[in-house]
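Below you'll find the structure, written out as structure tokens, and then a few comments.
Sequential numbering from 1 along the given sequence is applied to the chain's residues.
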Amino acid sequence: MSGPTPVAVGAPILMQFDDNSLLQLLYGEHDQHLARIEQRLGVSLVSRGNRLAIEGPPGSQEMARATLNSLYDRLKLGRPVSGAEVDAALRMAAAGHDPASLAAAPAKGAGRDALARFVGADHSIITRKRHVFPRSPNQAAYIRALQEHEMVFGLGPAGTGKTYLAVAMAVAMMLAGRVDRLILSRPAVEAGERLGYLPGDLREKVDPYLRPLYDALYDMLPADQVAKRLASGEIEVAPLAFMRGRTLANSFTILDEAQNTTPVQMKMFLTRLGENGRMAVTGDPSQVDLPRGAVSGLNVAQEILNDVQGIHFIRFTDMDVVRHPLVTRIVRAYEAAEAPPLDLGPGKNAR
């Protein structure tokens with residue numbers, strides 16, 4: 001009776017760091033960053049002074065080295081390293097070494113190029129309160145697309161940064177004078193509840209559905225600046241119905257939760273684009289809250305506009321989830337449960 005196949009272990013990889021003052025930040029309090037890398041990659045990290053030995057399977061060793069190098073380079077540039085940055089570097093290192101991950105990510109956004117963007121200042125977003133960096137290869141590609149294209153669709157599961165990065169880019173462009181206004185919109189579709197039962201006027205009924213957009217704004221700008229710009233009209237947060245009949249020129253407009261639009265609403269929104277206007281459309285095609293049998297305008301738009309010049313699509317996966325690691329496992333579990341059963345052909349059954 002044979003036991004489990006032994007895992008090949010490569011010769012230890014030795015790393016040496018030239019600035020001892022950065023090592024505590026690199027390793028984390030009580031070496032928690034090193035423990036995170038060990039757990040994720042199945043390697044052993046042993047530090048002595050300014051030297052670090054990496055033991056484990058060769059592929060995992062290389063990913064650990066790439067991760068540690070990118071985090072160390074960030075520290076040398078004066079950038080922070082927390083658990084979130086460690087997870088981001090791990091994702092990008094994995095995309096550079098895992099063929100499946102590499103195939104799933106845009107060619108220019110994967111692997112070592114994504115790690116370089118994670119370390120450097122290119123394709124980051126600077127606002128009054130935050131300097132936002134990509135935390136996955138697809139996030140890096142998304143930031144680049146928002147910088148370079150007038151209309152961008154960000155599609156994928158919750159927690160991938162679709163809306164957050166779009167709001168950050170819109171705020172950065174407004175502060176730089178590239179657009180005059182920032183318009184944030186959502187369809188007011190109830191997720192199993194009814195707006196009519198909420199107290200207050202229409203604005204008070206709709207505001208809870210727009211709260212995630214306000215939250216992102218307050219992350220990018222001081223509260224007094226948000227209030228001042230909302231009052232002046234430089235920033236507008238409104239339900240999708242308020243977009244009809246308008247021409248959105250010199251503005252950056254974001255449509256969030258776009259999977260809850262109808263095809264007619266989606267066409268109406270996209271055709272509002274005016275001179276020097278930009279649009280970001282974000283949504284999760286798997287989380288449609290429309291009435292049963294209704295067609296999602298986001299799904300129709302993907303089919304019709306996928307090859308239209310000037311429109312760019314970024315499709316996120318569970319690999320891009322940057323919330324709590326449990327969120328990634330939840331997304332994967334739901335995707336597995338919703339996947340159609342494997343068709344093995346007539347007369348064949350799965351065993």
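Rounding to the nearest 0.5 Å places CG of Leu240 at 10.5 Å from CG of Asn260.
For Phe316, the ring pair (Phe, Tyr, Trp, His ring centres under 6.0 Å) partners are Tyr142, not counting sequence neighbours. Residues satisfying the salt bridge (charged side-chain N to carboxylate O under 4.0 Å, His left out) criterion with Arg65, sequence neighbours excluded, are Glu62. In this view, Phe17 and Tyr72 satisfy the ring pair (Phe, Tyr, Trp, His ring centres under 6.0 Å) rule, not counting sequence neighbours. Here Lys267 pairs with nothing under the salt bridge (charged side-chain N to carboxylate O under 4.0 Å, His left out) rule; sequence neighbours left out. Every residue two or more places apart in sequence or in another chain was checked for a ring pair (Phe, Tyr, Trp, His ring centres under 6.0 Å) with Tyr164, and none qualifies. Partners of Arg186 according to the side chain to side chain donor-acceptor pair (under 3.5 Å) rule, which considers only residues two or more places apart in sequence or in another chain, are Asp256, Glu257. Under the salt bridge (charged side-chain N to carboxylate O under 4.0 Å, His left out) criterion, Arg40 pairs with Asp87, sequence neighbours left out. In this structure Ser47 satisfies the side chain to side chain donor-acceptor pair (under 3.5 Å) test with no other residue, sequence neighbours excluded. Residues meeting the salt bridge (charged side-chain N to carboxylate O under 4.0 Å, His left out) test with Asp219, sequence neighbours left out: Arg130.
Applying the salt bridge (Lys or Arg N to Asp or Glu O under 4.0 Å) definition to pairs two or more places apart or across chains, those involving residues 239-254 are Glu236-Arg246. Within the structure, every pair that satisfies the salt bridge (Lys or Arg N to Asp or Glu O under 4.0 Å) test and touches residues 225-235, not counting sequence neighbours, is listed here: Arg229-Glu234. The side chain to side chain donor-acceptor pair (under 3.5 Å) contacts involving residues 168-184 comprise nothing, where partners must be two or more places apart or lie in separate chains.
Annotation for Ser251 and Thr253: closest pair OG-OG1, 3.5 Å, computed over non-hydrogen atoms. For Gly156 against Asp284, the heavy-atom pair with the smallest separation is O-CB, 3.2 Å. Residues Pro263 and Val295 come closest through the heavy atom pair CD-O, 3.3 Å. Pairing each heavy atom of Ala166 with each of Leu146, the nearest pair is CA-CD1, 4.0 Å.
A continuous path of hydrophobic side-chain contacts links Phe269 to Val308 [ILVMFWY only; heavy atoms under 4.5 Å]. Taking hydrophobic clusters as Ile, Leu, Val, Met, Phe, Trp and Tyr residues chained together by side-chain heavy-atom distances below 4.5 Å, Tyr218 does not share a cluster with Ile126. Both Ile304 and Leu298 are assigned to one and the same hydrophobic cluster, defined by single-linkage of ILVMFWY side chains at heavy-atom distances under 4.5 Å.
No donor-acceptor pair under 3.5 Å is formed between the side chain of Lys162 and the backbone N or O of Gly283.
Partner of Leu255 under the side chain to side chain contact (heavy atoms under 4.5 Å, CB included) criterion, chosen from Met279, Met266, Gln265, Met243: Met266. A side chain to side chain contact (heavy atoms under 4.5 Å, CB included) with Val81 holds for exactly one of Leu26, Leu25, Val86; it is Val86.
The environment of CD in Gln32 is crowded: more than 12 heavy-atom neighbours from other residues, nucleotides or ligands sit within 6.0 Å. Heavy atoms of other residues, nucleotides or ligands lying less than 6.0 angstrom from CD of Gln39 number 12 at most.
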